[in-house]
Each structure stands twice: as structure tokens, then as C-alpha cells.
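A short write-up of the structure that comes next.
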Amino acid sequence: MGDTERRARREAREEIRVHLEMRVEDLVRDEGLPEEEAWARARAEFGDVEEAERFMARRQVRRARRERRAWRRGAALRDLRLALRSLRRRPMLPVVVVLTLALGIGANTAVYSLVDTLAFRPLPFHDGDRLVRMRDATVRPDGEPWLYNTSARSYDVLRESGVFASITAQRYRLLHLTGAGEEPVSVVGIGVSRDWVETLGVAPVLGRDFTPEEESAGRHARVVLLGHALWQRRYGGDASAVGSTVTLDGEPFTVVGVMPPRFNYPYGSELWIPDDFDPSDASSGPNVAARLLPGEDLASTQRALDVVSERAAAAYPDTHRAIRFVAVPQRVDLLGNQPRFGWVLLAAVGFLLLIACANMANLLLARAVSTRRERAVHTALGASRGDHARRLLLENLTMALVGGALGVGIASLLLHPMAALSIPASSSLGAFFTDLRLDGRVLGFALAATGITSLLFGVAPALHMLRTDPMSALRDGGRSGDGAGATRRALVAAEVALSVVLLAGATLLVRDYARLQATDPGYATQDRIVASLTFPDAGARDPQTTYRFMEEVAARVAAQPGVAGVTWVNHLPVTDGSVTRAITAEGGPASERNELVLANLRGIGPGYFTTMGMRLLRGRAPTEAEIGDRDPVVVISGAAAEHYWPGEDPIGRRVRFGLETASSQWLRVVGVVAQAREEWELADTWYVPATMSAPERLYMVVHTDGPVAGVARAIRPAVWAVDPDQPTERVVAFGDLVGETYTSERMGPLVVGSFAGVGLLLAVLGIYGVVSYTVRRSTRELGIRMALGAGAAGVRAMVLRRAAKLVGTGLVVGVVGAATVTRGLASFLTGRGRAAVHTLAEGGRLGPADYVLVVVILGGVALLACWLPARRAARLEPATVLREE
Amino acid sequence: MTKSPQDLLSGSLDALVLKSLQGEPRHGYAISRWVRARTEGVLTIEDTALYKALHRLADRGWVRAEWGVSERGRRAKYYELTVEGRRALDVEMDVWRTFARAVGRVLESG
């Protein structure tokens, strides 16, 4: 029997006893019965006492339990109401906490959505993790492996080998689209081989996929799948597009389906058609994707591929001798190191949140201490320590939930800018990887982050609550020291340390970006306009025709006022390029080594180097006549010259495509141009006459020495005047184009820099808060010291000294931490990747000068934060202070 | 078989107890005495039944129990009507009156 039951039994017994006693009294008084008889009568009248006792006790216990339950329910609601009231009474602090939390959670959630999209979101293919991109690997001049697009021959070999469950090739076909009642336009088509549907497994949102028969039929199939964007643009999203006919390059094609939105793989793809791939074609170009065999993994597949590579080398020595087939998981191929950059960013913003948590914990701790008096009164009225802890936890939880909810709202606003830190929207599946959203996983992260942070900043004060005795607050007038001091100091030190790490990371990025900006790219980016022209029927077109066309257009543009020069080229340093992978340099050590060497190829028009502001180191540029007549001349870049004939004069020497045994034409070196900054880590560049090939796209570069807008406006009309059917794709300032390419480089330091700045601000606020609070609490001690002779300066020095010890500890820990982190960072981010990734990996580690800078900044700012409270301490009047007891 | 007035009491015990508390709070023995007095000795409540009834009424929330000091200077458990109890009493009285009138009419008729 429990306590409650025992008590109930006792009460029932007493109640009955009292009843009987009174009855006995009455019987004795009114009827004159002797006591013993009266008792017997009374008991008999009463009935079964035992049974009554049991009944009453049982009922009582049940009632008591019910009441207790109801009270507890009420208690929870009451606590909540008390918590809300307490928060409302002094709203400053809760508002600060909620806002800080909202910003912190918001930033973290936004960055996580980037990380989630890059690292976790399933690719838009069927079972994308089993999909690989095939690359032909060869060796760069500096010994590093170079992965490039495969060739149709490689694709054929790989298909026959049976290493994959299915394999498909895709290549670019620039097509002239007419029909659908709109003006003709050139579109980027993708010609696909057999098994494209089976390999990629992307289901159209409208209509159907290609059938295996259609795929096998290749060019004869005349069916097309429209891209989603194209479908919206040309058909307004009308479902009747499926089944209609369009004309591509003059042939009628039937639209069989529409692809899903945001599916631009490979990059720029606007529609898909079945195509033929000639196995004898060994030039690189097709994008080959393959699906691993069930049960095989990447390692086993690569081993099988090595065997196939050797067989191919034996079968086709002049094209495949030093080529190794490499399978790269699609995700890695598409994203490179970008996901790791995302993780770094997440760590940075996570640090920020930790700093903010430390601040909030400190603030709430101070608040918990300062409300000791009130709580002591509550305790006297019956509240237990558990009650207080629970109420405090409820307060903090409320703030956390509101902050978290606001944070999600803020995150939704940050998604758009965050997408700029993903891969460029125009790259393969760029549309997919810039489509950041707040889906289940991301919201789950927000919830977890809110939970953890609320635990972090809610736990310290609640623990303090449980540990300290509330009554002592009333007893000693609330003046004695509180055990929270050590926790507070530790939190500030941690804040400082985290700030150091953030600052160090930001310094790294900023410094390297500055270095990037400062280096001369080797070509002029100012005062140049770029217009891109596409030539859909390039295959059939005679290069001389294109040349004459460009000559005329250039002449018209040059006639405009404010134009200093016009030229054209098939690839700019900041656009994708074409690379040859087998060259021979006559008489140079490279050819003696008989290895495959890579070089960028640029087909240039007359006056290219002057118009682009590139400096010739030796020799001269090709003349107009040489270009027009397609003479076998070439200008090579400085790095190529050093590479092919180190220390010698390359003018007059000869180079050509292909290996020794190839039959291509020898080109004579007529000049050497200063090395320009190339986008793709390959420095060796050849500049040959544009007439050597019939490109699908040309970039016209116009050098202006007057107002740019007028010239830009004149370009399209100039093109139309020569050929009204010639599409002009884009007219843009070259500087803007370059800027687009380096967006990530720019954003990286900007983002991390601002994180570091905010972290610094938070740390400063934290230090200020703690120091001023400590000063306020120790006014008595300071007053005594001053009364005993310590001057104002002495007191100030004391306060500063104490603060310095605190900040100093944080700085030391922070510097050690930063050194470790940045070293780890360098190795974490090695490998191929865009943008800021490069800078972090190659920019190297921080030097002592950087750390000194960081320590000075942080230390100086911290000193400032302490100055005010120290000054306040020095101004104390000992008499006033001591009197205020 | 003969039924005494006492036999008819059990069904209406709750109503009697409620009525007894209408004027003022009483302890168990006082309620018992009150019933005996008001019925001029015709009806006597068996004490066990009384206390059981009191607890049942407390479960329903119609009476509330509290320890106090009796007129004789002793600790005693006092019962008093709650708001719901008062309402319940009014309902009981209406019901009883209607019932009594109906039965009386039947039995008294010729």
C-alpha cells in the first residue's frame, strides 16, 4: 500500500471514529445509556465499519489521483503562460536572441540546401549513381593526367567490349530550326546513339522516349525530343506539340516527346535526335555515358577498362597508343570539387552559428543570474528547482522555435544568391544544380540545427539553475559571486577562437582572389565587345565562304565610329575550347620522346593579337593574305615554345597534328605570343588561320575606343546586311563575359569574408557583454580597491588585464585551430574543380604574416570592446559604491 | 409483502444528502441526525450507506470535503455542496415532486 492509500485509510478511519464518538455522546446524554452499551449500539447502527472504511479509502485515492493528473496538465500550460509572460516583460533580450538565431539558422539552412543539392540530391537520371562518364585519358606536358572527351572510335570499342550494361554516345549538332510558325533559329541539338534511353533512363514529361528501332535507325529516324525550355518558348507549353512536325536543317522531323524541365545535359542541349556515329572517326567530341553492370563497382569496371585500353592501343596504334579509358562517376564529372567547397562553406557558417550560440548562452546566463531575486520569491512560495529549470527551458525553447521558424523564412530568401555558388547554370545540368529548394531533407536540417542550438544555449542556464541555491540570492542581497563565471569566460574564449579560424579562412580566400585580380591575363578585357555567330550548316560549308563573310561583316563594323579594330576567333580564352591531343614538334625533345602532347587550338582572323591586346614575343602574326589563302602557318604561345624547343628560337620550326606517322600538314611557326591565362589549366596554345576549319561558332571581337553602346547596337544590323539569315547569338562586353566565368572566384571570398566579418562583430559583442557584466558585478571589489589607494588607471589596467587573459587564451587556441584547419583545407580541396576551390587548394597555406594580421585585428577590436567597461570601472566613486550595500 | 417507508429510502438517498447540505456544510454524523430530525424519526439512514453516498457524490463533483473543527471541538470532515451540486439538487427536487404527484394521484384515486 502506498503513501496515498495509507493516508486515505487513516482519514476514513478517523472520520468514522469521530462519527461513532459523537453518536455515543448523544446516546449517553439523551438516553442515559452506559458507555459500553452506547458504543455497542452505535457500532451496530453504523453497519460494517471495515467495509465502509475500505470503500471510502478507495474512492478517496482515486479522486486524489485524478486531481493530481489534472493539476499536472494545468501546470504545463501554466508554465508556458509564465514563460511567455516573462519573455514579454523584458522583450529586448528575447528579440535579440530570436533574431540572432533566425539569421544563424537561416544562413546555415541556405548553405545546407546548396550542399544537399550538390552532394545528396539524386541525379535526374535513372539510378544516377551507377552512371559514369567515359573519358579518354592522356598525359599533360607536366605529367598530370588529362581527361578529355572520347571519340566515336573509342565509343565503338567500348560498346563492343561488353564492360558496361549499356553505353551511349551524344554529340552536338547545331541545327537550323524552322516551322512552328516562328522565325528560323539555330538550336543546339544533341545527336544520340543507340541505347541512349536505356543508359540515361530519363523519362519525358510529355509524349514518349525514342524506341530502340528509332535509335538504331540513327539519322534516318527523323524523330525529335524537345527540351522543356524550347518547348515553352516555341510552343508556349502546348501539349499539341507532341506529334507535330518541325523542320531541322531542311528535313521534316516528328516531335515524339518533351523532356523534363531543367534537364540540360549535356550543357546547352535544346533538343535530341537519333544520330549516327562513325567508328572510324577518332577525333574527340562525343560525350559518352555508360551504366555499370549490376554487381560491378567502379574499381572492377576500371580494371576491365584498362584491359580494353590495351587492346585498343594494339588495334589502333596511331590514335589510341597512349590513351587510357577512364570511367568517372557522373556526379564527380559534373561537379568536380564544388561539393567540397559547399562543405567548407557550411563549416564556416556553422562556426558562425556556434559563436552566436556562445553569445546567446552568455546573455541568457546573465539574465538567469540577474533574475535570481524573483525566482527566490517563487521558491519561497513553493516552486522547486525542477520547476524553475523547466520554466527556463520552456522560455528558451519558445525562443528557439520562433527563431527557427523565422530562420527557415530567411533561408528561402537566401536560396537565390546561394545558387550563384553552385556550378554555372549554363554548364551540364547546371539548371538542375542551381535549383535549390527547401525540401524535406533541408527542412529536417533546419529542425536539427534549431534543436542543437537551443540545446546549446538553453542548457547552460538551466544547469546553472539546478545547481545553485535560489535562497542564497535572498540571503546575501544577491551580491555574491555566481558559479557561472567560469562558464561565461570559457564561452568567450571559444568565441574568440572560432573567430580566428573564420578570419584566417577569409584572409586566405581574399588574398588569393586579390592575387588573381592582380595577375595580367595576357589579353585585354576592357573596351572589347564580343558577338557570337553560329553557323548551323558548318559541315557543308567551305571555310573560305565563312572567311569572306566575316571579312565583309568586319569591314562594315570597322566602318563605324569608335571602332579601333575587328577580328574573329573560334574560341576565346574564357569560353570552351577545342584541344588537339596529338601533336608533333619537329626536332624538339618532345617529339623525340614520342609522347602525346596536348595543345589548345584557336582559329584566328586577321589582326587578332592587336585587337585582343596580346603581346607578340617573337616573330609576327599571320598576315591577312596568309589567313585568306589558308597558308600553313601558326603562332604558338610562350609556354608551347618553351615546351617544344626549350631555350631555342622556334621561328621557322614546324609542328603538326598527329604523331610522327600521321599524314597531316606541317605548319610553320611564324611567331610566339605571350602566354595568356587559359581557363582549363592547359597553357600550350596554337593560333592557326581561321580558314583551316569550318567552325559552328565564331566570336567576333571588336576593339572600341569610343562609347561602347553605339558600337554594340551596330553589330547585328551589320551582320544582317551581309546575310539576313545569319543568326547573331549574343552581343556582350568582354569584361562581362570574363566576369561571368569568374563568378565563383568572386563570390567565394565575398561570402566567407562577410561570414568572418559577422563572426568578428559577434565576438566583439560577446566580449563587451561579458566584460561589462563582470565589471558591474565586481563594483564592490573595485570600490574597495580604490578606497585602499588604487588609482583610476590602476583599476582600468586591472580590468583590461583580466579581459586580456581571456581574449589571449582564445587567440592562442584559435591560431592553433586555424593552422590545423587551413592545412586540412588545402588537402581536402585538391583536384580538379572550379573557382574558389582552386584558390583554396593552390593558394596554399597562410604565412606567419597572415596570422599576425588576424591576431592584431581581433586583438585590437577586442581591446576596443573592453575599453568602455574599463573606463566605467575607473570612474567609480569608492564611497558611492560601498554605500550602495 | 410489506414495504416500510425505510425501504423506499435507498433510491432517494443521494437527494436527501444533497438537501441536507443545502443550508450549510455538515459532517457525516450531523447529516444523519438532520435526516432523523426532519423526518420525525420515520427515516434513519444507515451510516455506511450515508458515507458511501457522500463519496459517490464527491466523485461526481457535487459535494466537496474538507477537514474542519466541529461544534464539539473535535476534528471532523465537513461536506458542502458545489455549484454543480446545487443545480443537481434542484433537478432532483423537480423530478421527485413530479413523481410524487403522479403516483399520489394514481394511488389516491378511487
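Proteins come first, then strands; the chains are lettered A, B, ... in the order of their sequence lines, and each starts at number 1. Basis for what follows: all heavy atoms, side chains included, without hydrogens, waters or symmetry-related copies.
Side-chain contact between A/Met360 and A/Met399 is absent, with no heavy atoms from C-beta onward closer than 4.5 Å. Using a 4.5 Å heavy-atom threshold, the side chains of B/Tyr51 and B/Lys77 count as separate. Proximity of B/Val17 to B/Leu54: side-chain heavy atoms (C-beta onward) are separated by under 4.5 Å at one or more points. Taking 4.5 Å as the limit, some side-chain heavy atom of A/Leu20 sits within range of a side-chain heavy atom of A/Arg43.
Remark: the backbone N or O of B/Ser20 is paired with a side-chain donor or acceptor of B/Arg26 at under 3.5 angstrom.
Interface residues of residues 21-33 of chain A toward chain B, defined by a heavy-atom distance below 4.5 Å and sorted by number: A/Glu21, A/Met22, A/Arg23, A/Glu25, A/Asp26. Listed by sequence position, A/Phe55, A/Met56, A/Arg59, A/Gln60, A/Arg62, A/Arg63 are the residues of residues 53-63 of chain A in contact with chain B, using a 4.5 angstrom heavy-atom cutoff.
A donor-acceptor pair shorter than 3.5 Å cannot be found between the side chains of A/Glu15 and B/Trp67.
The pair A/Glu5-A/Arg65 meets the salt-bridge criterion, with a side-chain N (NZ, NE, NH1 or NH2) lying under 4.0 Å from an Asp/Glu carboxylate O. Taking 4.0 Å as the cut-off between side-chain N and carboxylate O, B/Asp59 and B/Arg56 do not count as a salt-bridged pair.
Of the two parts of B/Ala65, neither the backbone nor the side chain holds a non-hydrogen atom closer than 4.5 Å to a non-hydrogen atom of chain A.
Under the 30°/60° scheme for interplanar angles, the aromatic rings of B/His27 and B/Tyr29 are found to lie parallel.
When A/His19, A/Glu45, A/Glu51 are compared by the number of non-hydrogen pairs under 4.5 Å with chain B, A/His19 comes out ahead. Here B/Arg72 is the residue among B/Arg33, B/Arg72, B/Arg74 with the most heavy-atom pairs under 4.5 Å with chain A.
Cation-pi geometry between A/Arg78 and A/Trp71 is met: the NZ or CZ atom falls under 6.0 Å from the ring centre, inside 45° of the normal.
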